[in-house]
Amino acid sequence: MTPIISTDNSELATALNHREGQAPFNKPWELRAFAVAVAACEAGEFAWSEFQEALTETIKQWEAANPGFTQDDWRYYEHFVTALEVVLARHDKLSSNGLDHRAKVILETPVHKHHVAKYDPIMIEPALI
């Protein structure tokens with residue numbers, strides 16, 4: 001199976017290169033969602049064309065349900081994640097109950113539960129020669 005994204009860093013950099021004033025990923029979770037979709041596809045969980053069709057359908061449904069939306073209302077990667085959920089559920093890789101439970105756990109977990117900022121200066125011991 002041909003990878004969706006080449007491991008050649010120059011091609012990846014070109015593919016992800018931002019346009020003037022735009023970044024392809026505005027938040028870290030967007031990049032992670034993209035990576036999960038690519039990894040699942042490359043692992044044979046679904047065909048990329050199937051995902052693209054689900055994404056197109058998800059966007060069409062959202063636009064029909066939100067007439068007169070503005071750019072501020074538009075969140076591409078929210079549609080992306082919805083489409084990924086649809087495709088994974090179709091292939092019995094994701095259950096709505098499991099997804100709802102995981103979302104609840106994430107939302108109930110304090111933002112910085114595992115990452116506590118430390119402001120103490122870092123000291124480096126001089127090397128012994």
Side-chain angles (χ1 to χ4, degrees):
M1 172 181 238
T2 305
I4 303 278
I5 295 180
S6 170
T7 54
D8 175 2
N9 287 336
S10 61
E11 286 182 39
L12 179 59
T14 301
L16 298 178
N17 190 17
H18 65 276
R19 292 181 228 149
E20 187 177 303
Q22 288 184 323
F25 305 105
N26 294 315
K27 308 240 184 228
W29 71 265
E30 297 171 347
L31 175 59
R32 289 191 295 269
F34 181 79
V36 167
V38 170
C41 177
E42 289 184 351
E45 301 298 340
F46 56 82
W48 193 254
S49 60
E50 180 183 3
F51 172 75
Q52 289 173 312
E53 289 171 15
L55 179 57
T56 300
E57 186 59 32
T58 298
I59 291 170
K60 284 180 185 177
Q61 288 174 5
W62 184 88
E63 289 177 344
N66 296 281
F69 67 90
T70 66
Q71 282 303 108
D72 291 337
D73 301 326
W74 180 254
R75 303 282 185 269
Y76 175 78
Y77 280 98
E78 288 180 15
H79 305 303
F80 188 95
V81 169
T82 299
L84 180 58
E85 291 170 357
V86 166
V87 173
L88 291 173
R90 275 188 207 152
H91 291 270
D92 295 326
K93 303 297 177 188
L94 181 68
S95 72
S96 60
N97 289 341
L99 182 61
D100 290 343
H101 172 71
R102 184 68 183 134
K104 183 179 176 191
V105 169
I106 289 170
L107 292 172
E108 289 174 349
T109 302
V111 177
H112 297 292
K113 179 182 180 205
H114 302 291
H115 304 284
V116 177
K118 301 210 187 255
Y119 298 103
D120 298 329
I122 298 173
M123 297 185 63
I124 301 175
E125 295 288 329
L128 299 175
I129 300 181

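Heavy atoms only: backbone and side chains are in, while hydrogens, waters and symmetry mates are out.
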Please tell me if the side chains of Glu78 and Thr82 come closer than 4.5 Å, counting only heavy atoms from C-beta onward.
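Answer no - side chains too far apart.
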[atom1]-[atom2] distance between [X] and [Y], expressed to the nearest 0.5 angstrom:
X: Phe51; Y: Thr58; atom1: CZ; atom2: OG1; answer: 8.0 Å
X: Glu45; Y: Leu84; atom1: CD; atom2: CG; answer: 10.5 Å
X: Phe46; Y: Lys93; atom1: CZ; atom2: NZ; answer: 11.5 Å
X: Asp73; Y: Thr70; atom1: CG; atom2: OG1; answer: 3.5 Å
X: Tyr77; Y: Phe25; atom1: OH; atom2: CZ; answer: 4.0 Å

Going by ring-ring contact (aromatic ring centres under 6.0 Å, His included), name the residues that satisfy it together with Trp74, two or more places apart in sequence or in a different chain.
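Trp74: ring-ring contact (aromatic ring centres under 6.0 Å, His included) contacts with Trp62, Phe69, His79.
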Same cluster for Leu94 and Val87 if Ile/Leu/Val/Met/Phe/Trp/Tyr side chains link at under 4.5 Å?
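They do share one cluster, since a chain of ILVMFWY contacts under 4.5 Å joins Leu94 to Val87.
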Examine Trp48 and Leu88 and state if one hydrophobic cluster contains both, with Ile, Leu, Val, Met, Phe, Trp and Tyr joined whenever side-chain heavy atoms are less than 4.5 Å apart.
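Yes, same cluster.
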Tell me, yes or no, whether the heavy-atom count around His91 atom NE2, taken from other residues, nucleotides or ligands under 6.0 Å, exceeds 12.
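Enclosed.
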Among residues at least two apart in sequence or on other chains, which ones pass salt bridge (Lys or Arg N to Asp or Glu O under 4.0 Å) with Glu63?
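Expected list: none.
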Could you tell me how the ring of Phe80 sits relative to the ring of Phe34: parallel (under 30°), tilted (30 to 60°) or perpendicular (over 60°)?
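The rings of Phe80 and Phe34 sit tilted, inter-plane angle from 30° to 60°.
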Could you pull out the closest heavy-atom pair between Cys41 and Ala47, with the gap in Å?
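Result for this residue pair: SG-C, 4.2 Å.
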Minimum heavy-atom distance between Arg75 and Gln71, given as atom pair plus value:
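Taking Arg75 first and Gln71 second, the nearest heavy atoms are NH1-O, 4.2 Å.
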